[in-house]
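To keep things clear, I will list the structure first and then write my remarks on it.
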Amino acid sequence: NAASPITGATGICIGSLSILSNLTPGGTWSSSTTSVATIVAGSGVLTGISSGTSVITYSVPSGCTVTTTVTVSLSPGPITGPTTLCNGDCISLSGSIGGGTWSSGSTSIASVGTSNGMVCSLMPGVATISYSLGLGCSASITITVNPAPGPIGGASGVCTGSIVTLTNALS
């Protein structure tokens, strides 16, 4: 009996998992390049190890096999940079691997330069900023935009030894 086609995601990131399956029961899985991708022989759990491709084989007891090629892509790693800013300010974020694309999940709260990770706040709130290298390999970070303090009010001139109370709309 021939094995049915392999199904499941064949494009994954380093460190990510995918579950491959086959409708023909009783087979075992193997990877041609275990330095790129490993697969658990009895379950089809695929793990991305390093960037590249590997041929995944499903072998049934009759001796028939079916293959598919998996592609493992770089993972952007964690995003680094500040996670809070005041409304009207900008911060710079970075991914551990260059060349990716930045995006904001809440463009009304914070915008981000698609190629440089420069986040500028537009209004108070919370925004998720993502960094993607393609094939679904992405990382995200939550940014909190705090209200900017209002102007300081009170006496503008102070004599030596005097006590003056200053005010702010947020305090």
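Numbers here simply count residues along the sequence, with the first being 1.
If you chain together hydrophobic residues whose side chains sit under 4.5 Å apart, Val119 and Met123 fall into the same group. Note on Val60 and Ile6: same hydrophobic cluster, where clusters join Ile, Leu, Val, Met, Phe, Trp and Tyr whose side-chain heavy atoms are under 4.5 Å apart, directly or indirectly.
Leu74 approaches Cys137 most closely through the heavy-atom pair O-CB, 3.5 Å. The two residues Ala148 and Cys86 come nearest to each other via the heavy atoms CA-CB, 4.5 Å.
With sequence neighbours excluded, the residues that form a side chain to side chain contact (heavy atoms under 4.5 Å, CB included) with Pro82 are Ile91, Leu93. Not counting sequence neighbours, Ser111 has no partner by the side-chain hydrogen bond (donor to acceptor under 3.5 Å, both in side chains) test. Ser115 pairs by the side chain to side chain contact (heavy atoms under 4.5 Å, CB included) definition with nothing, not counting sequence neighbours.
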Show me the donor-acceptor pairs within less than 3.5 Å that the side chains of residues 101-109 make with the rest of the protein, sequence neighbours left out.
residue, atom, partner, partner atom, Å
Ser104, OG, Ser106, N, 3.2
Ser104, OG, Ser106, O, 3.3
Ser104, OG, Ala110, O, 2.7

For residues 139-147, which side-chain donor-acceptor pairs fall under 3.5 Å, sequence neighbours excluded?
none

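Checked options Ile12, Ile39, Val72, Thr38; the residue passing with Thr47 is Thr38 (criterion: side chain to side chain contact (heavy atoms under 4.5 Å, CB included)).
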Checking side chain to side chain donor-acceptor pair (under 3.5 Å) for the pair Ser31/Ser54: CA distance, chi angles, key distance, verdict?
CA-CA 6 Å; Ser31 171; Ser54 182; 2.7 Å; yes

Given Thr33 and Val55, is the side chain to side chain contact (heavy atoms under 4.5 Å, CB included) satisfied, shown in steps?
CA-CA 7 Å; Thr33 314; Val55 175; over 6 Å; no

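The CG atom of Leu133 sits 8.5 Å away from the OG atom of Ser138 when rounded to the nearest 0.5 Å. Here the OG1 atom belonging to Thr65 is positioned 13.0 Å from the CD1 atom belonging to Ile56, to the nearest 0.5 angstrom.
Applying the disulfide (SG to SG under 2.5 Å) rule to pairs touching residues 94-125 yields Cys90-Cys120, sequence neighbours excluded. Among residue pairs with one or both ends in residues 86-95, those qualifying as side chain to side chain donor-acceptor pair (under 3.5 Å) are Thr80-Ser94; sequence neighbours excluded. Within the structure, ring pair (Phe, Tyr, Trp, His ring centres under 6.0 Å) pairs that include any residue of residues 73-93 do not occur (at least two apart or interchain). Applying the ring pair (Phe, Tyr, Trp, His ring centres under 6.0 Å) rule to pairs touching residues 16-71 yields Trp29-Tyr58, sequence neighbours excluded. Screening residues 6-21 for side chain to side chain donor-acceptor pair (under 3.5 Å), with sequence neighbours left out, gives Thr7-Ser21. For residues 19-52, no pair satisfies disulfide (SG to SG under 2.5 Å), with sequence neighbours left out.
Alongside Val45, the hydrophobic cluster contains Leu17, Ile19, Val40 (criterion: ILVMFWY side chains under 4.5 Å).
A distance-only check finds no donor-acceptor pair linking the side chain of Thr71 to the backbone of Thr53 [under 3.5 Å].
Considering only heavy atoms from C-beta on, Ile49 stays 4.5 Å or farther from Val36 through its side chain. With contacts defined as side-chain heavy-atom distances shorter than 4.5 Å, the pair Ile97/Pro76 does not qualify. Counting only heavy atoms from C-beta outward, the side chains of Thr57 and Val66 never approach each other to under 4.5 Å.
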